[in-house]
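Working notes, structure below.
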2 protein chains.
Amino acid sequence: MFMKYPKGVKPNKNYTVTSSKKRTGEVKYGQRGMTLETDLDKTNAYYIKMKYAVIHKKPTPVQIVNVDYPSRNKAKISEAYFKVPSTSDYNGVYRGKYIDFEAKETKNNSRFPFINIHDHQVLHMRQCTAHDGIVFLIIRFSQLKETFMMPFEHFDKYWQNYLDGGRKSIKYDDIKKDSILLKEGINPRVDYLSAVDEFYFKNGAY
Amino acid sequence: MFMKYPKGVKPNKNYTVTSSKKRTGEVKYGQRGMTLETDLDKTNAYYIKMKYAVIHKKPTPVQIVNVDYPSRNKAKISEAYFKVPSTSDYNGVYRGKYIDFEAKETKNNSRFPFINIHDHQVLHMRQCTAHDGIVFLIIRFSQLKETFMMPFEHFDKYWQNYLDGGRKSIKYDDIKKDSILLKEGINPRVDYLSAVDEFYFKNGAY
């Protein structure tokens, strides 16, 4: 499964882009979608430090085609391509339970479009749910400065509806109805474990 | 954290190696350590298909430095480096519980040397254990054709001893004593979930 960026997966690190687009300054790929990812990285580091949970972002899947050895003890990957992820981006352990989630942000104020969510990822999340994992999406409306935790079981209703020919997005009002608004602050930046406690554990906070 | 292969992480896919070593046919990097990984990939695919568990290998962590766009809708990574993994290679969900393991094989017949196991990975496994995850190592003696599941709590004794100045390996006899020998077959290739049942669940098989 090879990616032909920018149709599919977007890279999520600060690459040096050598296309003409970079030189004319039209597109800043490195900036797209950085904020939520950065917030989650810092949140996860905080959770680990405080011994609340161990949750990590998975590495970006890459198909390596060619490796050079400019010197004996150095390997340089000189040809590789982005792959479509077959799982979600984040997983880990919390209170012994398996945690799995995907995080997306949108600049749209009225709906969350199903862009960059792949069938394989939804299938993966459905499988993890079937095995009693705690599975959800973190959805940020970046202009509204609101971030939600939507349990996968709610998300899946809208996804199934989309597969049945329905709308390829979830309305903001529906997200508000079917999700928990996350508290944001300094530490943790995006307190999604409190929302997990609220929805999945009935017996108090971590 | 950049890798200077071959001192640290070994790549685990069939790369095209363009160094002089490839041309003289001295080293076949692509073959090293392929067997156990392939067996685990097929085992995990079987477990998913049979709805026993959802466990995946994480992508190889790579630091992307440069991306080219030879045409509008194609991204080619033209410079990247292997990173030291900060977690273990495999994780997922089984019976609602978090599963986490590292897999290694050795050609040594008398001991399992701590090569390519990084401090960060051991720390990660210790953290996951503290959060009540199911954490272990799969260790294969490739010449002996024996594969073991060693619970992390046992492995950690030997690792701590090594950090205290002890031996940088585990003797075969000790592995045999502190691990469960895995059944190997066609499907699943390496039945590590049976060993997980035996050690972590007292109430029967999956």
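In the text below, chain A, chain B and the rest are named by the order of the sequence lines, each starting its count at 1. Quick caveat: nothing in here was measured; it's all calculated off a predicted structure.
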Given side chains that start at C-beta, do those of [X] and [Y] come closer than 4.5 Å, heavy atoms only?
X: B:F82; Y: A:I77; value: yes
X: B:E79; Y: A:K76; value: yes
X: A:R95; Y: B:D132; value: no

- prompt: Can you say whether B:H56 sits under 4.5 Å from chain A via the side chain, the backbone, both, or neither, judging by heavy atoms?
  reply: side chain

query: For the candidates B:I134, B:N91, B:V62, which exhibits the highest count of non-hydrogen atom pairs separated by less than 4.5 Å from chain A?
result: B:N91

message: Heavy-atom pairs under 4.5 Å with chain A - which of B:P70, B:A130, B:P61 has more of them than the others?
response: B:P61

query: Which residues pass the salt bridge (charged side-chain N to carboxylate O under 4.0 Å, His left out) test with B:K168, sequence neighbours left out?
result: none

- request: Might you confirm whether atom NZ of B:K49 has over 12 heavy atoms from other residues, nucleotides or ligands at distances under 6.0 Å?
  value: no

message: Can you confirm whether more than 12 heavy atoms, excluding those of A:K42, are under 6.0 Å from its NZ atom?
response: no

Could you grab the distance from atom [atom1] of [X] to atom [atom2] of [Y], nearest 0.5 Å is fine?
X: B:H131; Y: A:I99; atom1: NE2; atom2: CD1; answer: 11.0 Å
X: A:N66; Y: B:S78; atom1: CG; atom2: OG; answer: 11.5 Å
X: A:Y98; Y: B:D100; atom1: OH; atom2: CG; answer: 10.5 Å
X: A:I48; Y: B:Q127; atom1: CD1; atom2: CD; answer: 5.5 Å

- prompt: Going by the salt bridge (Lys or Arg N to Asp or Glu O under 4.0 Å) test, which pairs reach into residues 150-162 of chain B, not counting sequence neighbours?
  reply: B:R126-B:D156, B:K157-B:D178

- request: Give the C-alpha distance, both sets of side-chain angles, the deciding distance and a yes or no for side chain to side chain contact (heavy atoms under 4.5 Å, CB included) between A:V135 and B:V93.
  value: CA-CA 11 Å; A:V135 187; B:V93 59; over 6 Å; no

